[in-house]
Amino acid sequence: MTDTTDTAGPAAAAPAWLGAVRLSVVIPTHDDAHRIGPTLDAFRAHLDARLGSGPGDWELVVSDDASTDETAALVEAAAADEPRIRLVRSPHHRGKGAALRAAVLACAGERVLLADAGLRTPPAELEHLEQALGQEDPDRGVEGGSDTDDARATAALGRSGNRLVRALGIPGIPGFRADTCAFALFDGDRARAAFGASVLDGPAIDAEVLRWVRRQGWHVAEVPVTRTRTETSTTTPKPPVGPGSAPRPRRTAHPGDRRRALTELFRLNAGGLAVAAVFLALSVYVFHGLWADLDGRYLADALQDQNQWEWFVGVATDNITHLRNPLFTTAQGMPDGVNLMANATMLGLTVPLIPVTLLFGETVTFALVLTLGMAASAWTWYWLIRRRLVQSRWAAAAGGALAAFAPPMVSHANGHPNFVVLFMLPLIIDRALRLCEGRNVVRDGVLLGLFATYQIFLGEEPLLIAALGMLVFSLAYLLVDRRRALAAARPLGLGLVIAAGVCVPLLIFPLYWQFFGPQSYHSVLHGDNAGNSPRALVEYAARSLFGDAETAGRLSLNTTEQNAFYGWPLLALGVIVCVWMWRRRLVRALAITGVVALALSLGPWVPVPRTDVVLPGPWRLMVKLPLFESVIEGRVAMVCAPVLGVLLALALDRIVRTRTRELRTLGLLAVAAALIPVLPLPLAVRERAPVPAFITSGAWKGYVKDGEALVPVPLPDPGQADALHWQVEADFGFRLAGGYFNGPWGPDRIGIYGATPRHLSNLLRDVRYGQQPPEITPQWRDQARRDLEFWKAGAVVLPFQDRGVELRDMISELLGREPQKVEDVWVWRVGPGQV
């Protein structure tokens with residue numbers, strides 16, 4: 001039976017339908033005259049033996065893509081002998097995708113087998129696919145699919161070796177390696193739906209169909225199959241091409257076919273690339289004030305964090321390029337130094353970006369990490385949401401944007417890259433979900449261990465808070481779906497053990513150094529008000545569109561620690577979505593996770609607004625736990641950013657598919673009303689304090705010898721750390737007394753911000769900020785000498801500044817001599833024998 005049809009789209013005509021059949025075998029062809037005959041014979045023999053010879057047992061649908069040889073004639077001849085062989089012909093050569101689409105839409109099978117004209121997979125392998133297609137998947141729904149979806153497989157695919165498709169991440173099926181449909185068995189109705197929704201005409205239609213199937217939440221099974229080395233499973237020789245010629249050689253992929261496949265794959269991913277471009281544009285918008293003048297601008301609300309983090313970039317570069325220990329330095333905090341592993345140095349980025357730092361400088365690296373990190377975090381959240389939860393690309397994009405650009409994230413963008421660069425967290429969550437599915441526990445456990453190890457070198461506190469959020473979510477899921485949670489527990493637990501086995505050897509030395517090495521500490525003191533005020537949950541952050549800096553400032557530790565401030569409309573939308581979609585177990589688990597995170601973020605003691613009442617908070621249960629004792633508890637509210645992002649994506653995905661236009665418009669308006677108030681504003685910038693010419697000219701080299709420290713006045717600390725930028729500009733040519741870092745204090749080694757204060761450092765700071773100089777006694781002179789000797793000081797440097805006269809006179813009296821004026825600073829040489 002033959003039909004000539006244009007395979008441009010689903011509306012093309014099809015061969016006359018002879019009734020439903022049990023199995024349709026679809027074979028696309030183009031110039032396959034040398035091999036189509038043996039292939040048809042092999043399938044006829046196998047299908048007759050396995051399924052029977054009745055008219056409703058099977059059919060072979062050959063889709064000819066405008067062959068220029070005798071392919072169509074050979075199929076027509078076979079159809080004349082066997083009416084269950086059908087031919088679909090296209091007058092135009094469009095490609096494998098168009099041929100497959102036409103054939104699948106023309107077939108009538110309850111199941112549809114896709115095969116190739118070369119018969120590289122023998123028909124006998126069909127039995128393995130049939131077994132897989134009939135199996136139920138016990139793990140369905142763990143990743144958030146519909147609770148009512150059919151648990152049986154939609155398709156069973158033979159494992160293939162299409163590395164190009166796999167390299168581009170198509171189609172995004174967890175644990176999946178069979179990325180093409182060269183030999184695949186589909187449920188008939190779902191196959192026709194999937195191919196009918198396809199638009200690609202070339203070889204990348206495999207990826208498109210598998211991705212579409214995945215978007216529906218339908219299960220796809222992978223089955224190892226046997227492949228033959230020849231193009232057919234028969235030994236029948238191929239006819240010669242011409243008189244005296246050799247048999248036609250095996251056809252290989254044409255470079256043009258590969259280029260077309262690559263082009264179509266990029267076309268298939270064009271939406272994802274567009275989303276990535278939007279995220280990057282949004283990130284550039286947030287940081288554009290800094291990019292406008294990298295040399296002269298400073299993030300106004302960064303306090304001293306920008307100076308500190310640029311120093312982290314610089315010291316990592318200096319250590320690695322000089323083959324020194326990347327986990328420790330004496331560049332500041334002389335003579336004790338700094339335990340870099342115990343600080344947020346983000347070695348996972350500062351080390352790989354050393355070439356950028358060497359070429360363009362520390363500020364460029366700092367700006368790149370923030371800008372690209374925020375955009376990448378949004379994209380991986382989008383990827384996770386789109387892959388597992390929603391069909392609408394732009395619903396997933398909105399969820400990813402909220403997760404990465406929520407008010408607390410924008411707040412931390414003022415100099416806390418470790419809380420902005422979170423692109424690994426969605427990958428870790430995805431790998432944990434793969435473990436729950438139990439398909440390849442060893443591989444997924446190993447990768448989870450590697451991912452967690454890398455995140456350790458990006459930010460330990462964000463990983464700890466994320467792990468807390470995932471633990472709460474897991475317990476919540478256990479409450480809402482005990483059967484599935486328990487089914488997932490065994491592979492997840494085994495995978496976590498494997499992940500730990502990977503992490504421990506890689507991290508044992510860095511973590512030992514962090515907790516027991518030089519300048520290690522036990523916990524960090526944050527004060528009694530590190531939790532969120534209840535009002536902070538419903539107010540707006542300083543850098544939100546509807547934000548009020550004064551109100552936000554009163555309710556937070558500082559501008560970078562506005563850890564909640566989601567605004568009441570967004571929280572109200574979250575509540576509405578939870579009520580609306582409460583039947584979904586995923587939504588219930590997310591709601592519990594969000595509520596618990598907000599409650600924990602209130603801290604150990606919760607003041608009731610507008611009263612003098614203070615209530616105990618749930619954080620009291622965790623405040624003494626190892627690791628958590630160093631966490632700023634208000635940051636736990638950041639868990640709600642991805643929770644709200646997922647809820648937003650689920651809601652938008654449902655709204656855009658609502659058929660009633662009025663309801664759809666109302667839903668979109670409600671979402672807009674919740675999001676507009678918290679849209680991010682660009683981060684504020686200010687002019688950067690200039691580096692003294694004494695530093696930039698290199699004049700310091702005549703006053704600070706190798707192994708000595710420069711002592712700025714006042715010494716650098718968390719309140720004023722511009723001297724760290726001096727050191728960066730001097731390529732770490734000198735060491736610094738004092739500093740801004742996390743280090744130990746006292747016999748209990750309690751963590752503090754900055755170097756352990758000494759009498760002279762306190763005196764210099766007190767006078768700089770308004771106190772009157774004390775009477776300089778011999779005891780004060782002796783104490784100053786001891787402090788300078790402790791720091792191994794080479795020179796005391798006083799830049800021109802407020803109260804400079806008082807400071808100069810006091811230091812001169814302490815040291816017993818007048819300073820030298822060098823460039824734009826006063827200098828006292830205080831090396832050995834000078835004091």
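Model, not experiment: these values are computed from the prediction. No hydrogens, no waters, no symmetry mates; every other heavy atom, side chains included, goes into these values.
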Review point. After noting the C-alpha distance and the side-chain angles of V284 and T371, does the key distance pass the side chain to side chain contact (heavy atoms under 4.5 Å, CB included) rule?
Key: CA-CA 6 Å; V284 170; T371 306; 3.9 Å; yes
Practice item. Taking the side chain as every heavy atom from C-beta outward, state whether E633 and P604 have any atom pair closer than 4.5 Å. Key: yes
Check your understanding: So how far is it from D722 CG to Q727 CD, rounded to the nearest 0.5 Å?
Key -> 13.0 Å
Practice item. Write down the atom of D748, the atom of H522, and the distance for their closest heavy-atom approach. Key: O-ND1, 3.1 Å
Point to revise | Exam field: side chain D301 to backbone N414, donor-acceptor pair closer than 3.5 Å | key: no
**Study point:** Residue from V369, V410, V421 passing side chain to side chain contact (heavy atoms under 4.5 Å, CB included) with M374
**Key:** V410
Exercise for review: Taking T321 for its side chain and T317 for its backbone only, find out whether a donor-acceptor pair lies under 3.5 Å.
Suggested key: yes
Practice item. Would you please test W513 and S520 for side chain to side chain donor-acceptor pair (under 3.5 Å) and show each step? Key: CA-CA 8 Å; W513 188 278; S520 59; over 6 Å; no
Exercise for review: For atom OH of Y512, decide whether the heavy atoms of other residues, nucleotides or ligands shown that lie under 6.0 angstrom number more than 12.
Suggested key: no
Practice item. Please determine, by modelled atom types, if S812 and W826 share a side-chain donor-acceptor pair under 3.5 angstrom. Key: no
Check your understanding: Are the side chain of R781 and the backbone of E813 linked by a donor-acceptor contact shorter than 3.5 Å?
Key -> yes
**Study point:** Inter-residue atom distance N339.CG - F515.CZ, 0.5 Å rounding
**Key:** 10.0 Å
Review point. With side chains defined as the heavy atoms from C-beta onward, is the minimum distance between L422 and M409 less than 4.5 Å?
Key: yes
**Study point:** Given N343, D305, N307, the one that forms side chain to side chain donor-acceptor pair (under 3.5 Å) with Y740
**Key:** D305
Point to revise | Distance (rounded to the nearest 0.5 Å) between E460 CD and L511 CG | key: 6.0 Å
Practice item. Measure up the W311 and F732 rings against each other and bin them: parallel (under 30°), tilted (30 to 60°), perpendicular (over 60°). Key: tilted
**Study point:** Close side-chain approach of V827 to K821, heavy-atom, < 4.5 Å
**Key:** no
Practice item. Report yes if the side chains of P692 and W700 come closer than 4.5 Å at any heavy-atom pair, otherwise no. Key: no
Review point. If you draw a 6.0 Å radius around CG in L625, do more than 12 non-hydrogen atoms from other residues or ligands fall strictly inside?
Key: yes
Check your understanding: Taking side chain as C-beta onward, heavy atoms only, is E806 less than 4.5 Å from Q772?
Key -> no
Study note, to complete from the structure: Heavy-atom nearest pair, A599 first then P618, reads O-CG, 3.5 Å
Review point. R543 side chain to P682 main-chain N or O, any donor-acceptor pair under 3.5 Å?
Key: yes
Practice item. Check for a donor-acceptor pair, side chain of W605 on one end and backbone N or O of L615 on the other, with a separation under 3.5 Å. Key: no
Review point. So, does Y298 use its side chain to make a donor-acceptor pair with the main chain of L303 at under 3.5 Å?
Key: yes
Review point. Does a donor on one side chain sit under 3.5 Å from an acceptor on the other, for Q801 and R768?
Key: yes
Exercise for review: Show your reasoning for whether side chain to side chain contact (heavy atoms under 4.5 Å, CB included) applies to F328 and Q519.
Suggested key: CA-CA 9 Å; F328 185 78; Q519 288 296 89; 4.3 Å; yes
Study note, to complete from the structure: Rounded to the nearest 0.5 Å, the CD1 atom of I320 sits from the CG atom of L347 at a distance of 7.5 Å
Practice item. Let me see the working for M810 and L764 under side chain to side chain contact (heavy atoms under 4.5 Å, CB included), right down to the final yes or no. Key: CA-CA 9 Å; M810 182 183 70; L764 295 173; 3.8 Å; yes
Review point. Which atom names give the shortest non-hydrogen contact between N418 and P462, and what distance separates them?
Key: O-CG, 3.1 Å
Review point. Which heavy-atom pair separates A552 from Y540 by the least distance, and what is that distance?
Key: CB-O, 3.8 Å
Review point. Hey, mind stepping through R297 and E687 against salt bridge (Lys or Arg N to Asp or Glu O under 4.0 Å) and telling me if it holds?
Key: CA-CA 5 Å; R297 298 286 182 86; E687 292 299 318; 3.8 Å; yes
Revision key, fill the gap. CZ of F405 to OG of S377, rounded to nearest 0.5 Å, is 8.5 Å
Check your understanding: Can you check whether S411 reaches F419 side chain to side chain, under 4.5 Å on heavy atoms?
Key -> no
Practice item. Any chance you could lay out the salt bridge (Lys or Arg N to Asp or Glu O under 4.0 Å) test for E708 and R735, step after step, and finish with the verdict? Key: CA-CA 7 Å; E708 295 180 338; R735 301 177 184 182; over 6 Å; no
Check your understanding: If every non-hydrogen atom of A342 is compared with every non-hydrogen atom of Q514, which pair is closest and at what distance?
Key -> CA-CG, 3.8 Å
Practice item. Give a yes or no answer on whether the side chain of Y566 reaches the backbone of A641 with a donor-acceptor pair at less than 3.5 Å. Key: yes
Check your understanding: Is any side-chain heavy atom of E823 less than 4.5 Å from a side-chain heavy atom of S697?
Key -> yes
Practice item. Please report the shortest heavy-atom distance between S523 and S630, naming the atom on each side. Key: CA-OG, 3.2 Å
Practice item. Take atom OH of Y769 as the centre, draw a 6.0 Å sphere, and report whether it contains more than 12 heavy atoms from other residues, nucleotides or ligands. Key: yes
Exercise for review: Please confirm whether the backbone N or O of M341 pairs with a side-chain atom of T345, one donor and one acceptor, at under 3.5 Å?
Suggested key: no
Check your understanding: Backbone N or O of E561 within a donor-acceptor pair of the N563 side chain at under 3.5 Å?
Key -> yes
Check your understanding: Just one of I811, V767, L760, V797 clears the side chain to side chain contact (heavy atoms under 4.5 Å, CB included) bar with V713, so which one?
Key -> I811
Check your understanding: How about V711 and M334: do any of their side-chain heavy atoms sit closer than 4.5 Å?
Key -> no
Review point. Roughly how far, to the nearest 0.5 Å, is OG of S761 from CG of D717?
Key: 8.5 Å
Check your understanding: So, H759 and R786: side-chain donor and acceptor under 3.5 Å apart, yes or no?
Key -> no
Review point. Distance only, no hydrogens: is a donor on one side chain within 3.5 Å (strictly under) of an acceptor on the other, for E310 and Q306?
Key: yes
Practice item. Report the C-alpha separation of W780 and L814 in whole Å, then their side-chain angles, then the decisive distance to 0.1 Å, and conclude whether the side chain to side chain contact (heavy atoms under 4.5 Å, CB included) test is met. Key: CA-CA 7 Å; W780 267 117; L814 281 169; 3.9 Å; yes
Review point. Quick one: does Q455's side chain have a donor or acceptor within less than 3.5 Å of a partner on G459's backbone?
Key: yes
